[in-house]
Amino acid sequence: MADDKKLTTRAEDFSAWYNEVVLRAELADYSPVKGSMVIRPNGYGIWERMQRALDDKFKATGHVNAYFPLLIPESFMHKEAQHVEGFAPECAVVTHGGGKKLEEPLYIRPTSETIIYHMFAKWVQSYRDLPILMNQWANVVRWEMRTRLFLRTLEFLWQEGHTAHATHDEAEAEAKMILGQYRDFMENWMAMPVVTGLKSESEKFAGALRTYCLEAMMQDNKALQAGTSHNLGQNFAKAFELKFQAESGEIEHAWNTSWGVSTRMVGGLIMTHGDDNGLVTPPKLAPIEVVIVPIWKTDDERAKMVEAANKLKAELTGWSGRGEDRLRVHVDARDGMRSGAKYYEWELRGIPLRLELGPKDLEKQSVFSARRDTRVKAAIPMEGVAPAVAQLLASIQADLFTAAKARRDAATHRGDITYDRFKEIMEGPGGFVYAGWNGDPAVEAQVKEETKATIRCIPDEEFRSPNAPKTCMVTGQPAKYEVVWAKAY
RNA sequence: CGGGACGUAGCGCAGUCCGGUAGCGCACCUGAAUGGGGUUCAGGGGGUCGCGGGUUCGAAUCCCGCCGUCCCGACCA
């Protein structure tokens with residue numbers, strides 16, 4: 001921050017830019033405990049909008065919310081072999097309580113499969129008790145060595161869905177259905193394009209049969225895993241004796257899924273849409289969609305313009321053209337701050353649309369608008385201002401997605417790419433590279449070692465190249481899959 | 001845990017080499033003017049200079065020890 005007022009630009013130093021946006025837009029702040037953070041109202045407001053939209057989707061697809069406890073007996077963590085192997089190193093463990101050493105240490109949940117399937121086992125006897133479609137909003141703790149605001153912190157907020165089904169196919173359908181819900185949310189609410197697909201064996205969730213994921217591209221061309229959905233098979237059901245009597249009379253193990261998205265998405269939002277002036281929030285997730293800045297010179301004028309601004313706000317919020325989803329409007333009537341300074345501040349905070357209302361506008365019976373995304377300005381007639389504003393917001397929402405998708409596609413490489421060319425891309429601008437892979441984990445490890453890029457996913461059909469590579473990029477052997485490579489957060 | 005840097009006001013820093021009254025910018029408070037893209041002037045508040053010890057008449061500055069933070073690597077929603 002050479003200039004106290006200007007942000008470091010994305011081109012200068014992307015990660016410095018990111019940190020400055022988070023801190024200066026007051027989305028979050030560092031907490032006294034290294035690696036954990038405080039989510040401030042501006043950031044939490046976005047998370048609340050995310051929660052509401054997702055929660056509605058979960059409810060609409062038949063899920064119910066519950067809450068399971070933070071502390072998990074150590075023995076539970078050890079019941080599923082891969083799970084404990086994957087998570088034990090990053091767990092925080094409570095060894096003392098009430099001033100005494102505990103008989104059995106308690107793990108602070110890094111995720112809740114173990115406790116939840118233990119409970120499900122208590123609740124399920126018959127196929128008639130299935131499926132269980134449950135979700136919880138919770139915090140989890142993972143003792144990361146290297147942390148970044150929103151993207152990786154010791155503690156974070158998320159939702160974790162957990163379901164139990166009578167058959168493999170039903171669980172598989174659930175895991176994929178949720179993936180679709182996430183995708184819809186990311187595209188239509190976050191305006192963030194994603195590639196959906198399957199994780200390779202080495203990248204899948206500890207204890208899962210298969211992990212599906214959504215991968216987004218940030219403006220520095222690195223990938224961000226924005227969400228995951230797992231088909232857990234019967235792994236946890238066997239470990240926790242989650243059994244039921246089938247219609248046939250046989251005792252069978254249930255089939256589970258789990259799926260989650262976290263406050264990491266706020267980081268994804270920032271890095272997808274932010275610009276050198278700060279945050280850019282898609283209207284649907286903006287706690288405030290419209291800020292009205294009244295403009296005045298004298299005290300008399302101030303009273304008049306603040307009144308006019310409040311009247312405008314009332315007209316906007318009173319408009320029912322969006323049904324229950326009323327326009328979210330704020331009037332910035334602060335005295336002692338120039339309008340220009342207010343503009344910069346609201347731009348930093350990513351408010352999608354600014355309306356300036358001064359004596360001249362009032363005279364002309366119009367209001368002056370400025371879009372946050374394109375910074376295009378235009379007068380809007382007072383007559384019919386609400387639908388016009390709603391229309392502008394809808395355009396901003398749509399244009400953000402289009403722009404983000406164009407950026408991603410411009411940094412996506414397909415076709416027969418040699419390993420040398422691949423290295424050039426990864427050392428240089430980065431991006432998504434679609435390439436053939438023979439399916440050998442050793443090749444995957446080698447590429448990771450040599451280039452720091454990883455297989456983000458085996459993409460779902462609609463994302464695959466029309467002419468999929470026939471050979472493995474590294475070995476030249478026949479390709480088993482087309483995969484997406486990228487450096488990732 | 002290995003490699004590098006740094007701890008001075010809320011934030012960003014100068015001062016440290018060469019010991020001598022703790023400073024600057026931003027932010028904050030008060031007042032006045034200003035007011036359609038970061039306003040100006042005047043006044044003001046705020047710091048055990050990371051902690052502990054040593055050298056010295058005197059330490060932010062020199063010496064020893066400790067602690068902490070950040071960046072790079074090993075792990076990762």
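The chains referred to below are lettered A, B, ... by the order of the sequence lines, with proteins before strands, and numbering in each begins at 1. From a predicted model like this one, the values you see are computed outputs, not experimental measurements. The basis for the numbers below is simple: all heavy atoms, side chains too, and nothing from hydrogens, waters or symmetry mates.
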[atom1] spacing across the pair [N] / [M], given as an integer number of angstrom:
{"N": "B:rG7", "M": "B:rC13", "atom1": "C1'", "result": "13 Å"}
{"N": "B:rU56", "M": "B:rG19", "atom1": "P", "result": "16 Å"}
{"N": "B:rG23", "M": "B:rG45", "atom1": "P", "result": "12 Å"}
{"N": "B:rG2", "M": "B:rC28", "atom1": "P", "result": "43 Å"}
{"N": "B:rG65", "M": "B:rA27", "atom1": "P", "result": "42 Å"}
{"N": "B:rU61", "M": "B:rU16", "atom1": "C1'", "result": "4 Å"}
{"N": "B:rG15", "M": "B:rC71", "atom1": "C1'", "result": "25 Å"}
{"N": "B:rA9", "M": "B:rG25", "atom1": "P", "result": "15 Å"}

Qualifying residues under side-chain contact (heavy atoms from CB on, under 4.5 Å), relative to A:M177, sequence neighbours excluded: A:T61, A:H63, A:E174, A:Q181
Parallel, tilted or perpendicular, as decided by the 30° and 60° cut-offs, for the rings of A:F58 and A:W259: tilted
Plane angle bin for A:F422 and A:W485 - parallel if under 30°, tilted between 30 and 60°, otherwise perpendicular: perpendicular
Can you tell me how far [atom2] of [N] sits from [atom1] of [X], to the nearest Å?
{"X": "A:E144", "N": "B:rC75", "atom1": "CD", "atom2": "P", "value": "12 Å"}
{"X": "A:W47", "N": "B:rA77", "atom1": "CH2", "atom2": "P", "value": "16 Å"}
{"X": "A:M145", "N": "B:rC70", "atom1": "CE", "atom2": "P", "value": "16 Å"}
{"X": "A:E20", "N": "B:rG12", "atom1": "CD", "atom2": "P", "value": "11 Å"}
{"X": "A:E26", "N": "B:rG10", "atom1": "CD", "atom2": "P", "value": "17 Å"}
{"X": "A:L224", "N": "B:rA77", "atom1": "CG", "atom2": "C1'", "value": "9 Å"}
{"X": "A:M37", "N": "B:rU69", "atom1": "CE", "atom2": "C1'", "value": "19 Å"}
{"X": "A:E449", "N": "B:rG73", "atom1": "CD", "atom2": "P", "value": "13 Å"}

Qualifying residue for side-chain hydrogen bond (donor to acceptor under 3.5 Å, both in side chains) with A:H230, from A:N235, A:T257, A:N256, A:T211: A:T211
May I ask you to say what [X] touches in the nucleic acid, namely base, sugar-phosphate or nothing, with a heavy-atom cut-off under 4.0 Å?
{"X": "A:R302", "answer": "nothing"}
{"X": "A:W143", "answer": "nothing"}
{"X": "A:L23", "answer": "nothing"}

From A:F68 atom CZ to A:M134 atom CE, the distance as rounded to the nearest 0.5 Å: 5.0 Å
Spacing of A:Y18 atom OH and A:Q219 atom CD [to the nearest 0.5 Å]: 12.5 Å
For RNA chain B, the residues among residues 199-218 of chain A that have a non-hydrogen atom under 4.0 Å from it: none
A:Q225 or A:T147, whichever maps to the more 5' nucleotide of RNA chain B: A:T147
Comparing A:A488 and A:N19 on RNA chain B - which has the more 5′ nearest nucleotide: A:N19
Sugar-phosphate or base contact per nucleotide [nucleotides 36-45 of chain B; S, B, -; heavy atom under 4.0 Å]: BBBB------
Report the base-pairing partner of [N] (Watson-Crick or G-U wobble, both distances below 3.5 angstrom), or none.
{"N": "B:rG46", "value": "none"}
{"N": "B:rC41", "value": "B:rG31"}
{"N": "B:rC75", "value": "none"}
{"N": "B:rC6", "value": "B:rG68"}
{"N": "B:rU61", "value": "none"}
{"N": "B:rG19", "value": "none"}
{"N": "B:rC24", "value": "B:rG12"}

Salt bridge present between A:E356 and A:K377 (N-O < 4.0 angstrom): no
Lys/Arg N to Asp/Glu carboxylate O, A:D276 vs A:R10, below 4.0 Å: yes
Heavy atoms of other groups near A:K57 NZ, more than 12 under 6.0 Å: yes
Given A:Y117, A:F205, A:F240, A:F76, the one that forms ring-ring contact (aromatic ring centres under 6.0 Å, His included) with A:H83: A:F205
Within 45° cone of A:W296 ring axis and under 6.0 Å: A:R302 NZ or CZ: yes
Donor-acceptor under 3.5 Å (A:Y343 side chain, A:V293 main chain): no
